[in-house]
Protein chains: 2
Amino acid sequence: MTIDVTGISPPLRPAVLELAAQMRADGCQRSDPAREIPALLGDRWTSLILLVLDMGRWRHADLRRVLGRLAAEGRISQRVMTEKLRTLERNGFVRREATADVPPKVSYELTPVGRSLAGEARRLISWVHAHRAEIDSARTAFDADRDLDPQPR
Amino acid sequence: MTIDVTGISPPLRPAVLELAAQMRADGCQRSDPAREIPALLGDRWTSLILLVLDMGRWRHADLRRVLGRLAAEGRISQRVMTEKLRTLERNGFVRREATADVPPKVSYELTPVGRSLAGEARRLISWVHAHRAEIDSARTAFDADRDLDPQPR
DNA sequence: CAGCATCCTCGGCGATACTG
DNA sequence: CAGTATCGCCGAGGATGCTG
């Protein structure tokens, strides 16, 4: 990841290079960090799935029901449920067990890495919790300003 | 957030209630955790913007150029750049400064909360780095299995 | 019961052009 | 230089129906 600094004002170039070095140290050779987070936890259901599975082993149908109950709105569709769990399994975060008979019995549980990722998700959620009041007041202040203050930006 | 446990197998009900209590303790009264992460860091550019702004104050045009250089592919469109920064500003993560003249000079820097969130983003990226090898080998193992093993799931 | 194929909707994002 | 409006694309995800 060698960064092209042409077109960037010379005083900023060291900062850019340092940033690139830092990102490289963080393991971003192959894709930018902007993609890491969305790719793992950035979708609608994955973080909630991790939190639920962190409680133990779940049967498919029960998991689906619980996700629907815990979500603020909406249920997870059957198609997406399978898709998300398949991705988690492929990444090594979830272990899937199934019987070959009809009807099949499918259950899921986290692997150690999966539990570790669930911890990260929980940490991020706690961060939001810890800063919720601050964020909310920033929002209302911002919106109030925009209302009384119709100057161009 | 009182959870409806009807339809959930009785042995699992305590787990569901505990989970709900835990989520409540994490501050999820109003929206499910599945939304917190996507809402803040789940999009294509926000985490990268935070990382870059964490290096100091940036002029709009420079920031845009740097984002384009650091991203694995593609540049951020002018429209989205303004939109993302506006959201960050509204949440209280970014302070924007602008002159009223033409052409305007606009610059951005993180607030203390913003720096804190940038730290969280960096932490998550490091997590991915630390587990990259493990994740990669899980993926190749999974894909290999699927190829040789065309049984129904 | 769970996987899969199909169809559809909606939102995120890029591109472009115009304005102050 | 930066903001905004408009347009169009594409992918995430919901709904439905069939199958083992």
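It should be emphasised that the depicted structure is a prediction, and the values quoted were computed from it without experimental measurement. A note on names: the letters A, B, ... follow the listed sequences, proteins ahead of strands, and every chain is numbered from 1.
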Restricting both atoms to N or O, compile the protein contacts to nucleotides 16-19 of chain D shorter than 3.5 Å, with distance only.
none

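Look at B:Thr82 and you won't find any side-chain N or O under 4.0 angstrom from OP1 or OP2 of D:dA2. Contact check, B:Lys84 against C:dC13: a side-chain N or O comes under 4.0 Å of OP1 or OP2.
Salt bridge annotation for A:Lys84-A:Glu89: absent, with no cationic side-chain nitrogen under 4.0 angstrom from a carboxylate oxygen. Using a 4.0 Å cut-off between charged side-chain N and carboxylate O, B:Asp62 and B:Arg65 make a salt bridge. Salt bridge status for B:Arg146 with B:Asp143: absent, with no side-chain N to carboxylate O gap under 4.0 Å. With salt bridges taken as basic N to acidic carboxylate O contacts below 4.0 Å, one links B:Glu120 and A:Arg123. Ion pairing of A:Lys105 with A:Glu97 is absent here, as no side-chain N (NZ or NE/NH1/NH2) approaches a carboxylate O to less than 4.0 Å.
Using a 4.0 Å heavy-atom criterion, one finds that A:Arg86 contacts the sugar-phosphate atoms exclusively. When heavy atoms are screened at a 4.0 angstrom cut-off, A:Arg96 is found touching the sugar-phosphate backbone but no base atom.
Distance, A:Glu83 CD to C:dT6 C1': 14 Å, rounded to whole Å. Taking atom CG on A:Leu85 and atom C1' on D:dA12, their separation rounds to 16 Å, with Å as the unit. Atom CD of A:Glu73 and atom P of D:dG13 are 14 Å apart (whole Å). For the pair B:Arg75 CZ and C:dG14 P, the computed distance is 10 Å after rounding to whole Å. Rounded to a whole Å, the CG atom of B:Asp101 is 11 Å from the C1' atom of C:dG20. Rounding to whole angstrom units, CZ of residue A:Arg64 and C1' of C:dA2 are separated by 10 Å. Rounded to a whole Å, the CD atom of A:Glu97 is 17 Å from the C1' atom of C:dC1. With rounding to whole Å, A:Leu67 atom CG is found 13 Å from D:dG13 atom P.
The closest side-chain donor-acceptor pair between B:Arg95 and B:Thr111, if any, does not fall under 3.5 angstrom. A:Ser107 and A:Arg57 share a donor-acceptor pair across their side chains, judged by distance under 3.5 Å alone.
Note: B:Thr82 OG1 to B:Leu85 CG = 7.0 Å, rounded to the nearest 0.5 Å. If you take CG on B:Leu67 and CG on B:Leu63, they are separated by 4.5 Å, rounding to the nearest 0.5 Å.
For B:His60, whose side chain is taken as the heavy atoms from C-beta onward, the closest listed nucleotide among C:dA2, D:dG3, D:dG13 is D:dG3. Among the nucleotides C:dC13, D:dG13, C:dA2, the one closest to the side chain of B:Arg44 is C:dC13. The side chain of B:Val106 lies closest to D:dA2, out of D:dG13, D:dA2, C:dA2. Among C:dG14, D:dG13, C:dA2, the nucleotide with an atom closest to any side-chain atom of B:Ile76 is C:dG14.
Not counting sequence neighbours, the partners of B:Arg79 by the side chain to side chain donor-acceptor pair (under 3.5 Å) test are B:Glu83.
Residues A:Met81 and B:Tyr108 each lie close to DNA chain D; by heavy-atom proximity, the contact nearer the 5' end of the strand is made by B:Tyr108. Summary of the strand contacts: A:Gly42 and B:Lys105 both lie near DNA chain D, and taking for each the nucleotide with the nearest heavy atom, the more 5' one is attributed to B:Lys105.
The overall bend of the helix from C:dC1-D:dG20 to C:dG20-D:dC1, read as the angle between its terminal helix axes built from five base pairs each, is 30° when rounded to 10 degrees.
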